[in-house]
Amino acid sequence: MAKEVKNVEYGLEKIFEGAQDFLPLLGTDYVEFYVGNAKQSAHFYKTAFGFQSEAYAGLETGVKDRASYVLRQDKIRLVLTTALKSDSPIGEHVKKHGDGVKVVALWVEDARSAYEETTKRGAKSFMEPTVEKDEHGEVVRAGIYTYGETVHMFVERKNYKGTFLPGYEKWESDYNPAPTGLKFIDHMVGNVGWNEMNTWVKWYEDVMGFENFLSFDDKQIHTEYSALMSKVMANGNGRVKFPINEPAEGKKKSQIEEYLDFYEGPGVQHIAVATDDIIKTVSDLRSRGVEFLSTPPDEYYKAIPDRVGAFDHEVKEDIRKIQELGIMVDADEEGYLLQIFTKPVEDRPTLFFEIIQRMGARGFGAGNFKALFESIEREQAKRGTL
Ligand code: FE2
């Protein structure tokens, strides 16, 4: 008898008992990208992904060294920032890494305490607690470094009623493509160097109070050619999940190594965004020009009913439709999930997006790793980096 599984926005209950609460997190606040041309990036995320214009800071608002565009879709907030002059840490970041994620900002009740608790446990400071004010109130922010040059910013906004942050103005645009059904960030994955995964797992445990709740070794995550290892870290209430990958030895070059070569160091590999209608979302994204990895072969789709059936679940969606769109399916005891991965969203083979719909499953698609990595390797082969 097949079990009824629900689409869940899980993690709102306390599910990771081992995690500590010296750093209570309310969720992800924003993700800031440092890019070469923020105006054009903003246009891309609006047109291709259906993000909505929310706020802007730049010369017109009195900011002299940078321009930042804030985009929103449901609970996801992206900030696209570019330098206005060559003499800028933002410009240096882009020169070294290309376009990429600089800040994964976390929403907290108390940014001063978050900074104190993490720095006293060994976090390297990026920004001391800073109060920013305007007529709508005040925001307190503080930041620490995580892997590479990536930063976690703690954002306390309980005393703020304005748009985004002080210094930003509401961005009213005449160009407003419809949203594509993206709802919230499910997880964000970091790539770190050879043999560094456990160092960063320990860092998230010790400094952030996270818990390691899933691990995959290179015996599970490999193809004929390449391999990687991954551990998933989650905070106490399960709202924030950061898998950490490191490359592993294989016959050919690991996709993680390719990332490290082109990003020139550790950084955010992919942002997984949740939808509750993946067929509609992916159809929409494809029609807007978002490029996805190639569709797995026929045999993959023929095997789905049995793979999911082995866990006593039944896929509700039309498998023909799923195959047409190149969506992958995985299952565990609790349910199943549907997922698909974009190609990198910039010229360097670095950051990409995942679209995910959870139908009860809490995993990360381990059953798809092989099919997925074979698809990535086909792209690596074209780039001459396999
Ligand atoms: Fe993922």
Mutual orientation of the aromatic rings belonging to [X] and [Y] [parallel < 30°, tilted 30-60°, perpendicular > 60°]:
X	Y	answer
F213	F364	perpendicular
H313	F311	parallel
F33	F353	parallel
W200	Y147	perpendicular
H152	F242	parallel

Using salt bridge (charged side-chain N to carboxylate O under 4.0 Å, His left out) as the criterion, list what pairs up with K280, not counting sequence neighbours.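 Once residues adjacent in sequence are excluded, K280 has no partner under the salt bridge (charged side-chain N to carboxylate O under 4.0 Å, His left out) criterion.
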What pairs with E291 under salt bridge (charged side-chain N to carboxylate O under 4.0 Å, His left out), at least two apart in sequence or on another chain?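 E291: no salt bridge (charged side-chain N to carboxylate O under 4.0 Å, His left out) contacts found.
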Can [X] and [Y] be counted as an ion pair, charged N to O under 4.0 angstrom?
X	Y	value
K202	E205	no
K321	E324	yes
E149	K96	no

Partners passing side-chain contact (heavy atoms from CB on, under 4.5 Å) against L84 (at least two apart in sequence or in another chain):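 Here the qualifying residues are L59, A67.
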List in chain and number order the residues that pass side-chain contact (heavy atoms from CB on, under 4.5 Å) with F369, two or more places apart in sequence or in another chain; answer none if no residue qualifies. F216, I221, A366, F373
Looking at the rings of Y45 and Y69, which for Trp means the six-membered one, are their centres under 6.0 Å apart?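 Ring centroids of Y45 and Y69 are no less than 6.0 Å from each other.
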Nearest 0.5 Å, please: how far is OG in S125 from CE in M127?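 Output value for this atom pair is 9.0 Å.
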Qualifying salt bridge (Lys or Arg N to Asp or Glu O under 4.0 Å) pairs with a residue from residues 33-57, counting only residues at least two apart or across chains: E54-R72, E54-R77
Sorted by first residue and then second, give each salt bridge (Lys or Arg N to Asp or Glu O under 4.0 Å) pair with at least one member in residues 97-116; sequence neighbours left out. none
Looking only at heavy atoms, which two atoms of N237 and N235 are closest? And how far apart?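 Smallest interatomic distance, heavy atoms only, reads OD1-ND2, 2.9 Å.
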Which atom pair, heavy atoms only, marks the closest approach of P166 to E132?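 Minimum heavy-atom contact is CG-O, 3.3 Å.
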